[in-house]
Amino acid sequence: MKIYTGRGDEGMTDLRDMSRVSKTSPRIEAYGTVDEANALVGTVRPTGYDDVDEYLERVQNHLHIVQADFANPEPDEDDPVVREEHTEQLEDWIDAADEELDPLESFVLPTGSEAGAALHHARTVVRRAERRAVDLAGTDPVNAEAIAYLNRLSDALFTFARLVNKRDGVCEDRPSY
């Protein structure tokens with residue numbers, strides 16, 4: 001299989017249903033930003049912590065489902081779509097990580113160890129992906145669970161960043177106002 005086709009040279013691309021859209025369409029912006037977030041999550045692994053690495057590997061697979069979901073304006077019954085169980089899985093991981101963390105009492109600066117700072121960076125890109133998805137939902141049908149997943153994923157990545165920073169012995173800096 002060739003990696004290049006030339007089909008996108010005029011600024012158009014295919015959706016999953018093979019319809020052609022501009023590469024600047026809100027749908028492409030949404031799943032392209034999810035792809036960017038997925039690549040950032042990939043730069044964090046391995047963190048040195050098996051549980052976090054397992055979470056992140058699963059997240060990367062979930063993000064592929066989000067991309068497929070956004071790339072398919074009218075999914076069939078057997079097409080990959082984000083389901084409530086994906087979001088619930090994130091909530092379980094957040095709860096497990098929170099048990100190890102001190103309660104959050106204020107905002108924290110997005111910094112820390114190499115892995116912690118990278119997780120904060122990935123979180124911000126997930127937030128942008130969520131904004132792109134909300135924008136898309138304003139004009140086209142979108143699986144609302146995929147948007148909920150992105151919202152919860154940003155919470156999970158924030159929590160994982162805090163967890164990795166704590167395990168690495170890095171104190172959380174708080175903003176001064």
Side-chain angles (χ1 to χ4, degrees), residues 1-47 52-97 110 115 117-161:
M1 174 175 150
K2 281 188 172 185
I3 192 68
Y4 61 90
T5 64
R7 287 181 45 81
D9 292 351
E10 300 297 319
M12 301 292 284
T13 193
D14 296 322
L15 294 178
R16 188 168 164 88
D17 65 1
M18 298 311 292
S19 61
R20 304 276 294 161
V21 297
S22 169
K23 290 184 177 184
T24 62
S25 80
R27 188 168 294 280
I28 303 305
E29 282 291 330
Y31 78 69
T33 308
V34 172
D35 187 32
E36 182 183 353
N38 200 346
L40 276 172
V41 171
T43 67
V44 180
R45 291 180 41 225
T47 62
V52 176
D53 291 343
E54 181 182 322
Y55 299 158
L56 296 177
E57 181 180 7
R58 301 269 305 276
V59 162
Q60 287 195 279
N61 282 288
H62 292 171
L63 288 172
H64 268 279
I65 296 169
V66 174
Q67 286 178 257
D69 202 333
F70 288 165
N72 196 353
E74 296 181 25
D76 291 329
E77 190 174 301
D78 59 341
D79 286 334
V81 295
V82 179
R83 301 189 194 298
E84 188 176 359
E85 63 216 38
H86 295 108
T87 305
E88 290 171 348
Q89 180 69 78
L90 290 174
E91 291 170 349
D92 290 344
W93 295 336
I94 292 168
D95 293 344
L119 285 162
H120 278 300
H121 185 190
R123 172 190 56 79
T124 66
V125 175
V126 167
R127 282 285 188 216
R128 180 162 30 94
E130 179 187 10
R131 291 190 303 271
R132 298 289 190 267
V134 169
D135 182 56
L136 171 62
T139 58
D140 289 332
V142 174
N143 176 3
E145 194 59 45
I147 295 173
Y149 179 86
L150 292 173
N151 183 37
R152 206 72 77 254
L153 178 58
S154 63
D155 296 334
L157 293 173
F158 175 79
T159 304
F160 300 160

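From a predicted model like this one, the values you see are computed outputs, not experimental measurements. Numbers here simply count residues along the sequence, with the first being 1.
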Qualifying residue, where the test is side-chain contact (heavy atoms from CB on, under 4.5 Å) with E145 and the options are V66, V82, L150: V82
Full working for side chain to side chain contact (heavy atoms under 4.5 Å, CB included) between E57 and R45: CA-CA 8 Å; E57 181 180 7; R45 291 180 41 225; 3.7 Å; yes
Residue pairs fulfilling salt bridge (charged side-chain N to carboxylate O under 4.0 Å, His left out) with at least one residue in residues 60-89, sequence neighbours excluded: R16-D79
Minimum-distance pair of heavy atoms, taken over all atoms of I147 and A137: CD1-CB, 4.0 Å
Side chains of L136 and E29 in contact at under 4.5 Å (non-hydrogen atoms): no
Side chain R27, main chain F70, donor-acceptor under 3.5 Å: yes
Side chain proximity check, L90 to V59, heavy atoms < 4.5 angstrom: yes
Y55 side, atom OH; T159 side, atom OG1 - distance, nearest 0.5 Å: 11.0 Å
Pairwise side-chain contact, W93 with R58, heavy-atom cut-off 4.5 Å (strictly under): yes
Test item: Q67 and N38 side chains (from C-beta on) under 4.5 Å apart, heavy atoms: yes
Closest non-hydrogen atom pair, A118 against V44: CB-CG2, 3.5 Å
Pairwise distance CG(L40) to CG(L157) - rounded to 0.5 angstrom: 10.0 Å
L63 side chain near D35 side chain, heavy-atom distance below 4.5 Å: no
Residues that D155 engages under side-chain contact (heavy atoms from CB on, under 4.5 Å), provided they are two or more places apart: I94, R127, R152
Where P80 and A68 come nearest, the two heavy atoms and their spacing: CG-CB, 3.7 Å
Between OH on residue Y149 and CD on residue Q89, distance to nearest 0.5 Å: 9.0 Å
Shortest non-hydrogen separation from K23 to G8 and the atoms involved: NZ-O, 3.2 Å
Atom of P73, atom of A71 and distance for their closest heavy-atom approach: CD-O, 3.5 Å
Gap separating the CZ atom of F160 from the CG atom of D53, nearest 0.5 angstrom: 11.0 Å
Test item: L119 and L56 side chains (from C-beta on) under 4.5 Å apart, heavy atoms: yes
